[in-house]
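Worth knowing before you read on, the calculation uses all heavy atoms, side chains too, and leaves out hydrogens, waters and symmetry mates.
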Amino acid sequence: MLLDNTKNGFILKSNFELKKAYFLFKVISSRTLTNFGKNILELSLKLKLPVLFIVRATVFRQFCSGENFQESFKIVKKLNDKNVKSYLHYSVEGLENEKTYDNSLKEVIRSIEFAASKDILDFTVFKPTAIASSDILNKVTEEKELSDFEKGLYDRIVDRFDIICKTAFENQIKILVDAEESWFQGAIDDIVLSMMIKYNQHNTIVFNTSQMYRHDRLNYLNQLKKLSIENSFHIGIKLVRGAYIEKENKRAKKHNYKSPICGSKDATDVNFNEGAKFILSNLDNFSLFCGSHNEKSIYGILDIMKVGKMQKNNPKIWFGQLYGMSDNISFNLAEEGYNVIKYLPFGPIKQVIPYLIRRAEENTSVKGQTSRELQLIMKELKRRRSN
Ligand SMILES: Cc1cc2nc3c(=O)[nH]c(=O)nc-3n(C[C@H](O)[C@H](O)[C@H](O)COP(=O)(O)OP(=O)(O)OC[C@H]3O[C@@H](n4cnc5c(N)ncnc54)[C@H](O)[C@@H]3O)c2cc1C
C-alpha cells in the first residue's frame, strides 16, 4: 500500500532521529508519563530550573520547526526538496486582550509577507482567537445584543480579519482560517464568508475550516455552494475532523443542549468522507485542503480523484499534516505527485510550550495515531538494519 512505504516516509530522518522519535511517542503514549512530564515541566519552569534544553532536544525538535522564521525556513527547504510544501505558524499563545490581538495581527501579517518573499511558500494560517475575543464572537454567534463598546470591539475584529485577508490577497498567498469551538464559530464563519466574497472572486485566497465531527457541516458546505453561485466567488475549505470534542461534549452536557458533535467516531468518519466527496464533486466551486492523518480517508480521496480522472497535482486539492506526525502520508503522497503541505509551528521555546503540551496530550488521547507512528518507526528501523 502506498502509505506503508517507510523508506520514503522517513527519508529525512537519521537512525538517531528515528530512535529519538520512537522514544518520544512511547512516552507520549502513556497518559501517566505525559501528565508526569507536564507537571515536572511546569514546576521546573516556575522554579526557573534549566529544563528548556531538554524540551528543545525532544518535543520541540519533533513538533516545531524552530524559534524564528530563519530557523524554520531551513526545514521548509529540506521538505521542499522532497516536494513537501510548508505553512508556518507563529504558535505563541498568550493573554487575550486588545494589545495581544494587535500584536498577533502583526505576526500574521509578517508571516504573509515572509511567505511572499519566498517562492516556495504558498499558504499561511491564523487562529481567530489570536486576534479576536471569543466572548464577543460568542455573543454575535448567539445573536445577543452588543453594547456600544462591544460593537466597537466587534468592528475591530472584522477589521483585523480584513487586514489579514487583504494582505494575503495583495501578496497572492493563500490564508487558512482555523476553526475553533462551535459556540463562537458561527461569527467566524460569517466573517470568513464575507472575506471569501471579497477576495476569492478570481481565485481561492481565503479558506475557512469545516470540522466534520459536527453533524451540521454537510449542510454548511451545501449552503456555501449555493452562496458561491449567487455571489460568484470561489470557496476554500480546510476539511478536518475537529480538535475540541471533549470541550464540546462537556459544555453541551453542562448547559443541557444537544451536542453538535456526531454520536460516534464512525459517524464522524462518514461525515468527513462525505464532505470530501461533496467538495471533490464540486471542484468548479470549491478548493479542498484535506487536514487529516486518517489513512482510510486519504485513500478514499485518492480513489475519487482516480475515478474522476483528476490530476494528482490538481491545484485545487491539497493534503495537509502536522509537522512531526504522519510523515508516511506526507512523503509518500508527495513522491507520487500529489500536493502536500506540512503545518510548521514555530516560536521561542518557552512560549510554544502550551502548543507542545497540547500536542503531547492529543497524541495520548488519539491512541490509534500514536501506535501507528510507533509501528511505522519500528518497521523502518528494522528495514534499515536488514539493509
Ligand atoms: C493540517 C491540519 C490542520 C488542522 N486544523 C484544525 C483546525 O483548524 N481546527 C480543528 O478543530 N482541528 C484542526 N486539526 C485537527 C483535526 O481536527 C483532528 O483533530 C486531527 O487531525 C485528528 O483527526 P484525523 O482526521 O487526523 O483522524 P483520526 O485520528 O481518525 O480522527 C480523530 C478525530 O475523530 C473525531 N472523533 C474521535 N472520537 C470521536 C467520537 N467518539 N465521536 C465523534 N468523533 C470522534 C475527533 O475529531 C478526533 O480528533 C487540524 C489537523 C491537521 C492535520
Return all side-chain donor-acceptor pairs below 3.5 angstrom for residues 319-327, not counting sequence neighbours, or 'none' if the list is empty.
| from | atom 1 | to | atom 2 | distance (Å) |
| --- | --- | --- | --- | --- |
| Gln321 | OE1 | Ser330 | OG | 2.7 |
| Gln321 | NE2 | Ser292 | O | 3.4 |
| Ser326 | OG | Gln369 | NE2 | 3.0 |
| Asp327 | OD1 | Lys342 | NZ | 2.8 |

Checklist entry - Donor-acceptor pair, Ser29 side chain versus Val27 backbone, under 3.5 Å? => result no
Item to check | Pair Glu380 + Arg384: basic N to acidic O under 4.0 Å | outcome: yes
Next on the checklist: Once you measure the plane-to-plane angle for Phe73 and Phe114, does it fall in the parallel (<30°), tilted (30-60°) or perpendicular (>60°) bin?
Outcome noted: perpendicular
Item to check | Those residues that, when tested against Asn203, pass side chain to side chain contact (heavy atoms under 4.5 Å, CB included) (two or more places apart) | outcome: Gln172, Ile205
Next on the checklist: What verdict does the ring-ring contact (aromatic ring centres under 6.0 Å, His included) test give for Tyr90 and Phe126, after you've listed the backbone C-alpha separation in whole Å, the side-chain angles of each residue and the deciding distance to 0.1 Å?
Outcome noted: CA-CA 9 Å; Tyr90 186 68; Phe126 75 98; over 10 Å; no
Checklist entry - CD1/Ile298 to CG/Asp303 distance, rounded to the nearest 0.5 angstrom? => result 12.5 Å
Checklist entry - Judged by atom type as modelled, is there a donor-acceptor pair below 3.5 Å linking the side chain of Asn80 to the main-chain atoms of Lys85? => result no
Checklist entry - Is a donor on one side and an acceptor on the other found under 3.5 Å between the side chain of Thr6 and the backbone of Gly9? => result no
Checklist entry - Which pairs with one or both residues in residues 283-302 pass salt bridge (Lys or Arg N to Asp or Glu O under 4.0 Å), sequence neighbours excluded? => result Glu295-Arg372
Checklist entry - What's the shortest heavy-atom distance between Phe161 and Val177, and which atoms? => result CE2-CG1, 4.1 Å
Next on the checklist: To the nearest 0.5 Å, what is the distance between CG on Asp159 and CD1 on Ile164?
Outcome noted: 11.0 Å
Next on the checklist: Run the salt bridge (Lys or Arg N to Asp or Glu O under 4.0 Å) test against Arg160 and tell me which residues pass, sequence neighbours left out.
Outcome noted: Glu98, Asp102
Checklist entry - Using 4.0 Å as the upper bound for N to carboxylate O, is an ion pair formed by Glu150 and Lys139? => result yes
Checklist entry - Going by atom types alone, do Asn208 and Tyr220 pair a side-chain donor with an acceptor below 3.5 Å? => result yes
Checklist entry - Where do Gly236 and Met196 come nearest, in terms of heavy atoms and distance? => result N-SD, 3.6 Å
Checklist entry - Any sub-3.5 Å donor-acceptor pair from Asn339's side-chain atoms to Trp318's backbone N or O? => result no
Checklist entry - Would you find more than 12 non-hydrogen atoms of other residues, nucleotides or ligands less than 6.0 Å from Lys82 atom NZ? => result no
Checklist outcome for this item: For Gly275 and Leu239 the tightest heavy-atom approach is C-CD2, 4.0 Å
Checklist outcome for this item: Scanning both residues in full, the closest heavy-atom pair of Ser65 with Leu88 reads OG-CD2, 4.0 Å
Checklist entry - Is the side chain of Asn332 donor-acceptor paired with the backbone N or O of Asn328 at a distance under 3.5 Å, no angle test? => result yes
Checklist entry - Looking at CD1 of Ile109 and OG of Ser104, how far apart are the two atoms once the value is rounded to the nearest 0.5 Å? => result 11.5 Å
Checklist outcome for this item: Contacts satisfying side-chain hydrogen bond (donor to acceptor under 3.5 Å, both in side chains) that involve residues 304-316 (not counting sequence neighbours) are Lys312-Glu336
Checklist entry - Considering residues at least two apart in sequence or located in another chain, which fulfil the side chain to side chain contact (heavy atoms under 4.5 Å, CB included) criterion with Thr141? => result Phe184, Ala187
Checklist outcome for this item: Correct closest heavy-atom pair for Ser86 and Leu121 would be O-CD2, 3.3 Å
Checklist entry - Is the Phe346-Phe60 ring centre distance short of 6.0 angstrom? => result no
Checklist entry - When rounded to the nearest 0.5 angstrom, what distance separates CG in Leu376 from CZ in Phe25? => result 10.0 Å
Checklist entry - Going by atom types alone, do Ser182 and Glu248 pair a side-chain donor with an acceptor below 3.5 Å? => result yes
Item to check | All salt bridge (Lys or Arg N to Asp or Glu O under 4.0 Å) counterparts of Glu17, not counting sequence neighbours | outcome: none
Checklist entry - Do any N or O atoms from the side chain of Asn271 and from the backbone of Arg214 form a donor-acceptor pair under 3.5 angstrom? => result yes
Checklist entry - Any sub-3.5 Å donor-acceptor pair from His215's side-chain atoms to Ser259's backbone N or O? => result yes
Next on the checklist: For the CZ atom on Phe23, are there more than 12 heavy atoms of other groups (residues, nucleotides or ligands in this structure) within a distance under 6.0 Å?
Outcome noted: no
Item to check | Plane angle bin for Phe123 and Tyr87 - parallel if under 30°, tilted between 30 and 60°, otherwise perpendicular | outcome: tilted
Item to check | NE2-OG distance between His202 and Ser232, expressed to the nearest 0.5 angstrom | outcome: 9.5 Å
Checklist entry - With no hydrogens and no angle check, do the side chains of Asp178 and Thr209 hold a donor and an acceptor under 3.5 Å apart? => result no
Next on the checklist: Once side chain to side chain contact (heavy atoms under 4.5 Å, CB included) is applied, do any residues pair with Ser228, and if so which ones, sequence neighbours excluded?
Outcome noted: Phe233, Ile235, Asn285
Checklist outcome for this item: Here the pair of heavy atoms bringing Glu96 nearest to Thr129 is OE2-O, 3.9 Å
Item to check | All salt bridge (Lys or Arg N to Asp or Glu O under 4.0 Å) counterparts of Glu107, not counting sequence neighbours | outcome: Arg110
Checklist entry - Would you call Lys265 and Asp269 a salt bridge, using N to O less than 4.0 angstrom? => result yes
Checklist entry - By side chain to side chain contact (heavy atoms under 4.5 Å, CB included), which residues pair with Asp162, not counting sequence neighbours? => result Met195, Lys198, Tyr199
Next on the checklist: Quick check on the 6.0 Å ring-centre criterion: do Phe10 and Phe331 meet it?
Outcome noted: no
Item to check | Pair Lys166 + Glu170, salt bridge at N-O below 4.0 Å | outcome: yes
Checklist entry - Distance from Asn138 atom CG to Lys144 atom NZ, nearest 0.5 Å? => result 5.5 Å
Item to check | Geometric cation-pi criterion Arg358 and Tyr355, 6.0 Å radius, 45° cone | outcome: no
Next on the checklist: Go through it in stages, so that I can follow the logic: the residues are Tyr257 and Arg251, the test is side-chain hydrogen bond (donor to acceptor under 3.5 Å, both in side chains), and I'd like the CA-CA distance, side-chain angles, deciding distance and then a yes or no.
Outcome noted: CA-CA 9 Å; Tyr257 61 85; Arg251 186 175 189 270; 3.0 Å; yes
Checklist entry - Are the side chain of Lys13 and the backbone N or O of Ala21 linked by a donor-acceptor pair below 3.5 Å? => result no
Item to check | Whether Gln211 side chain and Glu180 backbone form a donor-acceptor pair below 3.5 Å | outcome: yes
Checklist entry - Any chance CG of Asn39 has more than 12 other-residue heavy atoms, nucleotides or ligands included, within less than 6.0 Å? => result yes
Checklist entry - Can Arg241 be said to sit on top of Tyr213's aromatic six-ring, NZ or CZ under 6.0 Å from centre and within 45° of the ring axis? => result no
Item to check | Side chains of Asp189 and Gln185, donor plus acceptor under 3.5 Å | outcome: yes
Next on the checklist: Under a 3.5 Å threshold, yes or no: a donor from one side chain and an acceptor from the other, between Thr124 and Ser111?
Outcome noted: yes
Checklist entry - For residues 51-76, which residue pairs qualify under salt bridge (Lys or Arg N to Asp or Glu O under 4.0 Å), counting only residues two or more places apart or in two chains? => result Arg56-Glu67
Item to check | salt bridge (Lys or Arg N to Asp or Glu O under 4.0 Å) partners for Lys19, two or more places apart | outcome: none
